[in-house]
Amino acid sequence: MESFSSKSLAMQAEKKLLSKMAGRSVAHLFIDETSSEVLDELYRVSKEYTHSRPQAQRVIKDLIKVAVKVAVLHRSGCFGPSELALATRFRQKLQQGAMTALSFGEVDFTFEAAVLAGLLTECRDILLELVERHLTPKSHNRIRHVFDHFSDPGLLTALYGPDFTQHLGKICDGLRKMLDEGKL
């Protein structure tokens, strides 16, 4: 007997449609204002660090696609109890990373690239485990691309250096607001 699920088909269509539309301008439709501002600042940092507009656009587009797909999976109730526990662990690790980034930004001479890179790598691994059964290998590669890009010690060192002070301030302001509002 042929198995057909309209719910599954609708979710596949929704993920496909959203992944085709995921760009910086469309992000404003699916992501709140503060998150959007942080994403825009991360784009600027990536663009300045890599000296490549297409590379910066690609990493932010991949980030948006992954975030939207994970949100669709969560909203659709696709995660089982063990996966929900992983989602909670991911969120806690992401919050720990954000608080660490804020601390490094606020307290002079405390920045350690290896610490922040390690937290981002842990986030990547937990997220990959969470979506292992739900997303395609292409999406898994997007996750690796985003986390590997932002956990690059060279990028992190530049971000906390004197040339990126303005960007870091805006990112920290956004992260603080997201943590205060429980959106991270």
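Numbering starts at 1 and runs along the sequence shown.
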Identify the heavy atoms of [X] and [Y] that sit nearest to each other, and give their distance.
X: Thr34; Y: Gly174; answer: CG2-O, 3.5 Å
X: Glu132; Y: His140; answer: O-CE1, 3.5 Å
X: Thr110; Y: Phe104; answer: O-CE2, 3.1 Å
X: Cys172; Y: Ala101; answer: SG-O, 4.2 Å
X: Leu156; Y: Ala117; answer: CD1-N, 3.8 Å
X: Phe79; Y: Leu73; answer: CZ-CB, 3.7 Å

Under a 4.5 Å cut-off applied to non-hydrogen side-chain atoms, are [X] and [Y] in contact?
X: Glu129; Y: Ile126; value: no
X: Glu41; Y: Leu168; value: no
X: Thr50; Y: Val59; value: no
X: Glu37; Y: Lys177; value: no

Could you tell me the separation between the [atom1] atom of [X] and the [atom2] atom of [Y], rounded to the nearest 0.5 Å?
X: Asp62; Y: His149; atom1: CG; atom2: NE2; result: 10.5 Å
X: Ile143; Y: Leu128; atom1: CD1; atom2: CG; result: 5.0 Å
X: Arg44; Y: His167; atom1: CZ; atom2: NE2; result: 7.5 Å
X: Leu130; Y: His74; atom1: CG; atom2: NE2; result: 9.0 Å
X: Thr121; Y: Asp148; atom1: OG1; atom2: CG; result: 7.0 Å
X: Arg91; Y: Cys123; atom1: CZ; atom2: SG; result: 12.5 Å

Output yes when a side-chain donor or acceptor of [X] lies under 3.5 Å from a complementary backbone atom of [Y], and no otherwise.
X: Thr100; Y: Gln96; result: yes
X: Thr157; Y: Gly154; result: no
X: Gln95; Y: Leu179; result: no

Quiz item: Got a sec: does the CZ of Arg176 have more than 12 other heavy atoms crowding it under 6.0 Å?
Solution: yes
Self-check item: Atom CD of Gln166: over 12 foreign heavy atoms under 6.0 Å
Solution: no
Quiz item: Would you call Asp173-Lys170 a salt bridge at under 4.0 Å N-O?
Solution: no
Quiz item: Quick one: do Glu83 and Arg133 make a salt bridge, cutoff under 4.0 Å?
Solution: yes
Quiz prompt | For Phe90, all residues meeting ring-ring contact (aromatic ring centres under 6.0 Å, His included), sequence neighbours excluded | solution = none
Exercise. Report the C-alpha distance between Tyr49 and Leu159 in whole Å, list the side-chain angles of each, state the deciding distance to 0.1 Å, and finish with yes or no for side chain to side chain contact (heavy atoms under 4.5 Å, CB included).
Key: CA-CA 9 Å; Tyr49 178 73; Leu159 177 60; over 6 Å; no
Exercise. Begin with the C-alpha distance, continue with both residues' side-chain angles, and end with the deciding distance and a verdict on side chain to side chain contact (heavy atoms under 4.5 Å, CB included) for Lys69 and Ser139.
Key: CA-CA 9 Å; Lys69 286 181 180 185; Ser139 291; 3.2 Å; yes
Quiz item: Without hydrogens or angle criteria, can the side chains of Ser35 and Lys183 be said to hold a donor-acceptor pair below 3.5 Å?
Solution: no
Exercise. Take Phe147 and Leu127 through the test side chain to side chain contact (heavy atoms under 4.5 Å, CB included) and record every step on the way to the result.
Key: CA-CA 10 Å; Phe147 281 96; Leu127 185 57; 3.8 Å; yes
Quiz prompt | Qualifying salt bridge (Lys or Arg N to Asp or Glu O under 4.0 Å) pairs, either residue in residues 45-57, two or more places apart | solution = none
Quiz prompt | Aromatic ring pairing Phe111/Tyr160, orientation class (parallel under 30°, perpendicular over 60°, tilted between) | solution = parallel
Practice problem: For the pair Arg142 and Leu135, evaluate side chain to side chain contact (heavy atoms under 4.5 Å, CB included) and give the outcome as yes or no after the intermediate values. | Solution: CA-CA 11 Å; Arg142 285 188 179 112; Leu135 297 180; over 6 Å; no
